[in-house]
2 protein chains.
Amino acid sequence: MAGSDLYTGSLELLILKALSWGPRHGYAVGRWIRDTTEEVLRIQEGALYPALHRLQRNGMLREEWGVSETGREVKNYQLTAAGCCRLRAETARWHQYRTVMETALGATGG
Amino acid sequence: MAGSDLYTGSLELLILKALSWGPRHGYAVGRWIRDTTEEVLRIQEGALYPALHRLQRNGMLREEWGVSETGREVKNYQLTAAGCCRLRAETARWHQYRTVMETALGATGG
DNA sequence: GGCAATACCTTGTTGAATGAGGTATTACTG
DNA sequence: CAGTAATACCTCATTCAACAAGGTATTGCC
């Protein structure tokens, strides 16, 4: 592991969350994650783009070409209804996971 | 995913933590995780034993045969100095990860 | 002109976890 | 006493997310 590695399975949640305020293009999703985590999580492009394609293939995202603020052609991703649903489910899963991990790490024997 | 799936990479931390109060045998490690997480995390034996062997191979654990309370021969695992160190590091990593995830999930746009 | 940042992509490889199989012993229950 | 569950260990094949490292092209800056 290389220090800032992901816990495998948590990237999907981050991507869905990044898109929860409206469409964003892939690169911006990566930037959002990097920025909101203050550089702690830097998503490799080799993880980011395949994940986006996967989510789209599974009907969680819809893609449409658009133009960025800088005038460049970009592929914008948008949550579908199923994507919203998945975001809620994954968020709940994270919270539950976090809770039991805290319990385990806070345990004093047993 | 099957509901109680692990975020890949977090099992190691759970195992190290399970052994932080003294030697335990493999099966007991799995039981401890299942119990302290109230059945939320049920570690597959196909994940548990290879993980123990891996940790041992990397010098995090020392193994020695012993006898359980029930009189059965068991393989007890014990943290090495390096294992204690790793436990601290992995715990810190988890806390940092948790913090940035909470920040991201609690973000209100951006 | 050159370099960084933006914006997209693919391919090969790794390796943790899943799923399913196996052995053997101990303890309970009808 | 047969059958089953729990204990306690193991391995193997498979999967698939992430890593690492490569690529293209455009925009903006010094």
Side-chain angles (χ1 to χ4, degrees), chain A residues 1-16 18 23-35 39 41-58 60-61 63-77 86 90 93 97, chain B residues 1-16 18 23-35 39 41-58 60-61 63-77 86 90 93 97:
Chain A
M1 305 215 186
S4 80
D5 275 346
L6 289 168
Y7 286 109
T8 304
S10 59
L11 175 57
E12 191 177 302
L13 172 53
L14 288 166
I15 291 175
L16 294 172
R24 254 198 182 92
H25 57 82
Y27 195 82
V29 168
R31 200 168 43 202
W32 179 83
I33 294 173
R34 194 191 64 208
D35 292 347
E39 311 263 335
L41 300 183
R42 305 173 72 98
I43 309 305
Q44 313 282 339
E45 301 200 338
L48 178 64
Y49 290 109
L52 286 165
H53 300 161
R54 203 158 60 229
L55 285 165
Q56 193 206 354
R57 201 168 55 244
N58 296 336
M60 302 299 135
L61 306 181
E63 98 182 21
E64 55 184 40
W65 285 95
V67 178
S68 74
E69 311 108 25
T70 59
R72 297 183 60 171
E73 292 227 322
V74 289
K75 204 187 266 185
N76 283 309
Y77 290 95
R86 179 72 140 267
E90 283 297 316
R93 177 163 104 92
Y97 206 90
Chain B
M1 307 216 185
S4 81
D5 276 343
L6 289 167
Y7 286 108
T8 303
S10 59
L11 175 57
E12 191 177 303
L13 172 53
L14 288 166
I15 290 175
L16 294 172
R24 255 200 180 91
H25 57 82
Y27 195 82
V29 168
R31 201 169 41 202
W32 178 83
I33 295 173
R34 194 190 64 208
D35 292 348
E39 312 263 335
L41 300 183
R42 305 173 73 98
I43 309 304
Q44 313 282 339
E45 301 200 338
L48 178 62
Y49 290 110
L52 286 166
H53 301 159
R54 204 157 60 228
L55 285 164
Q56 194 206 353
R57 199 167 57 242
N58 297 336
M60 303 299 137
L61 306 181
E63 97 181 21
E64 54 185 39
W65 286 93
V67 180
S68 74
E69 311 108 25
T70 59
R72 298 184 60 171
E73 292 226 322
V74 290
K75 204 187 269 185
N76 284 309
Y77 290 96
R86 178 73 138 266
E90 284 296 317
R93 178 163 102 91
Y97 206 91

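Chain naming here is simple, since letters A, B, ... match the order of the sequence lines and numbering starts at 1 in each. All figures in this text were calculated on a predicted structure; none of them were measured in a lab.
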Euclidean distance, atom [atom1] of residue [X] to atom [atom2] of [N] [Å, nearest integer]:
| X | N | atom1 | atom2 | answer |
| --- | --- | --- | --- | --- |
| Leu11(A) | dA16(C) | CG | P | 19 Å |
| Arg72(B) | dA5(D) | CZ | P | 17 Å |
| Arg34(A) | dT6(C) | CZ | C1' | 11 Å |
| Leu14(B) | dA16(C) | CG | P | 15 Å |
| Gln56(A) | dC8(C) | CD | C1' | 14 Å |
| Asp5(A) | dA20(D) | CG | P | 6 Å |
| Leu13(A) | dA17(D) | CG | C1' | 15 Å |
| Gln44(B) | dA16(C) | CD | P | 16 Å |

Return no unless some side-chain N or O of [X] is found under 4.0 Å from OP1 or OP2 of [N].
| X | N | result |
| --- | --- | --- |
| Arg42(A) | dA20(D) | no |
| Thr8(A) | dC16(D) | no |
| Thr70(A) | dT26(D) | no |
| Arg31(B) | dA6(D) | no |
| Arg54(A) | dA18(D) | yes |

**Prompt:** Going 5' to 3' along nucleotides 9-14 of chain D, which nucleotides have protein heavy atoms under 4.0 Å from the base (write B), which only from the sugar-phosphate (write S), and which from neither (write -)?
**Reply:** BBB---

**Asked** How long is the gap from CD on Gln44(A) to CG on Asp5(A), to the nearest 0.5 Å?
**Response**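 One finds 8.0 Å between CD of Gln44(A) and CG of Asp5(A).
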
Any side-chain heavy atom of [X] sitting closer than 4.5 Å to one from [Y]?
| X | Y | answer |
| --- | --- | --- |
| Arg34(A) | Ile43(A) | no |
| Tyr7(A) | Arg93(B) | yes |
| Asn76(B) | Glu63(B) | no |

**Prompt:** Which part of the nucleic acid does Ile43(A) contact within heavy-atom distance under 4.0 Å: base, sugar-phosphate only, or nothing?
**Reply:**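 If one applies the 4.0 Å heavy-atom cut-off, Ile43(A) turns out to touch nothing in the nucleic acid.
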
**Asked** Once the angle between the rings of His25(A) and Tyr27(A) is folded into 0 to 90°, is it parallel (under 30°), tilted (30 to 60°) or perpendicular (over 60°)?
**Response** parallel

**Prompt:** What residues, two or more places apart in sequence or in another chain, satisfy side chain to side chain contact (heavy atoms under 4.5 Å, CB included) together with Val29(B)?
**Reply:** Ile15(B), Ala18(B), Leu19(B), Arg24(B), Ile33(B), Leu48(B)

**Prompt:** What residues form a side chain to side chain contact (heavy atoms under 4.5 Å, CB included) with Arg72(A), not counting sequence neighbours?
**Reply:** Ser68(A), Thr70(A)

